[in-house]
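Heads up: the structure comes next, in structure tokens.
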Amino acid sequence: MRARGVMLLRGLSRCLTVGIIRGFTPPPETPRLSWAAARLRFHSAGVFGIREQTLVAVKPDGVQRRLVGEIIQRFEKRGFQLVGLKLVQPTQDVLSEHYHDLHEKPFYSALIQYMSSGPVVVMVWEGCDVVRVSRMMVGDTNPADARPGTVRGDWCVHISRNAIHASDSVEVAKKEISLWFHSSELVEWESCTHKNTYNI
Ligand code: IDP
Ligand code: MG
């Protein structure tokens, strides 16, 4: 009687195991990329954000105070790659589009007046996490809160004259780059320091 019970249990457990295995469909194999193909794909598609771009502008006060060279140097030395650069006298149209989100702020008209008071140097910088890192390098909007070592924390005193602009998100960067630059003004180039910067 006991032996019969054991056999029944064994049979039941076998049925269950076979049923589970039959019902199991393994996921399709993920095709493997060769290292060279993967590197090329990552590189050109900008995977890992290596091709991320941001707009940085030295504002009229920064240009007047001859800060352009030092600001460029900070971005270069950090390891970012310059892909666009020009000195422009901004038009009202470009400025009102650029600062569209602030048009209801009490300082808006003073801001537009200040930004159109002289030439600005607009740049597109490229690299891993360039949007986030640029914001850190630029410092808080109000220079009184900006840490030493940031552009605003080293060279500015007042919020209305804070020397530099940097896009605050990847989406905003795309819009600002297309507002200030024609695509033909941006240069795609391979830096010879790339391997030492990214290890890829
Ligand atoms: P951000 O430049 O750090 O991104 P936003 O808030 O986007 O700061 O403001 C855009 C610009 O408007 C600032 O860089 C600064 O020139 C100006 N601004 C912002 N807040 C004030 C203010 O309270 N008084 C005067 N100007 C301001
Ligand atoms: Mg902003």
Side-chain angles (χ1 to χ4, degrees), residues 46 48-183 185-187:
F48 302 139
I50 286 165
R51 290 274 189 226
E52 186 175 296
Q53 295 183 339
T54 196
L55 184 95
V56 173
V58 184
K59 296 178 176 182
D61 54 322
V63 175
Q64 294 289 343
R65 293 172 56 204
R66 316 287 202 266
L67 294 176
V68 173
E70 298 226 40
I71 288 171
I72 290 179
Q73 199 170 44
R74 286 192 179 197
F75 283 83
E76 277 193 312
K77 284 191 170 170
R78 181 79 188 225
F80 292 126
Q81 193 167 328
L82 185 63
V83 296
L85 170 77
K86 63 184 177 184
L87 176 80
V88 287
Q89 175 62 55
T91 63
Q92 296 283 327
D93 285 352
V94 167
L95 290 173
S96 53
E97 179 64 33
H98 182 85
Y99 285 123
H100 176 74
D101 290 351
L102 301 175
H103 76 279
E104 282 177 352
K105 298 280 181 191
F107 56 83
Y108 177 76
S109 55
L111 173 64
I112 300 297
Q113 209 178 338
Y114 147 59
M115 285 299 294
S116 52
S117 67
V120 300
V121 172
V122 276
M123 298 172 259
V124 177
W125 288 92
E126 185 177 275
C128 185
D129 281 327
V130 69
V131 171
R132 192 164 61 88
V133 177
S134 299
R135 291 290 291 187
M136 285 195 285
M137 292 168 71
V138 161
D140 282 9
T141 307
N142 186 349
D145 300 322
R147 287 168 176 264
T150 62
V151 172
R152 290 167 174 168
D154 284 350
W155 294 317
C156 307
V157 175
H158 198 262
I159 194 166
S160 64
R161 295 290 181 272
N162 59 6
I164 187 166
H165 165 84
S167 312
D168 62 10
S169 70
V170 173
E171 283 314 302
V172 167
K174 284 179 186 153
K175 283 188 196 148
E176 291 182 351
I177 291 168
S178 61
L179 174 66
W180 289 87
F181 283 89
H182 192 268
S183 58
E185 295 174 307
L186 302 179
V187 181

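Atoms within each ligand, like the ligands themselves, are counted from 1 in listed order.
- The option with the heavy atom closest to atom 4 (O) of ligand 1, from among H98, H158, R135, R152, is R135.
- With a 6.0 Å radius and a threshold of 12 heavy atoms from other residues, nucleotides or ligands, E185 has its CD atom above the threshold.
- Distances from atom 12 (O) of ligand 1 to the heavy atoms of L111, N142, I164 show the closest one on L111.
- Remark: side-chain polar atoms of R161 are not paired, donor with acceptor, to backbone N or O of C156 under 3.5 angstrom.
- Summary of contacts: the protein heavy atom closest to atom 16 (O) of ligand 1 is K59 NZ, 3.0 Å.
- Closest approach of S116 to Q92, counting heavy atoms only: OG-NE2, 3.5 Å.
- Within the 3.5 Å criterion, the main-chain N or O of A163 finds no donor-acceptor partner in the side chain of R65.
- Scanning the protein heavy atoms around atom 1 (P) of ligand 1, the nearest turns out to be T141 OG1, 3.5 Å.
- Side chain of D154 to backbone of G149: a donor-acceptor contact under 3.5 angstrom is found.
- Nearest to atom 22 (C) of ligand 1 among the protein's heavy atoms is F107 CD2, 3.4 Å.
- Of the possible donor and acceptor atoms, one in the side chain of R135 sits under 3.5 Å from a partner among the backbone N and O of A166.
- Numbered from 1 in the order shown, with element, the atoms of ligand 1 that lie under 4.0 Å from a heavy atom of Y99 read 10 (C).
- Looking at K105 against ligand 1, nothing comes within 4.0 Å, counting heavy atoms.
- The closest heavy-atom contact to atom 15 (C) of ligand 1, among the options V138, D101, N162, comes from N162.
- Counting protein heavy atoms only, atom 9 (O) of ligand 1 is closest to L102 CD1, 3.5 Å.
- In K86, the NZ atom is crowded: over 12 heavy atoms of neighbouring residues, nucleotides or ligands sit closer than 6.0 Å.
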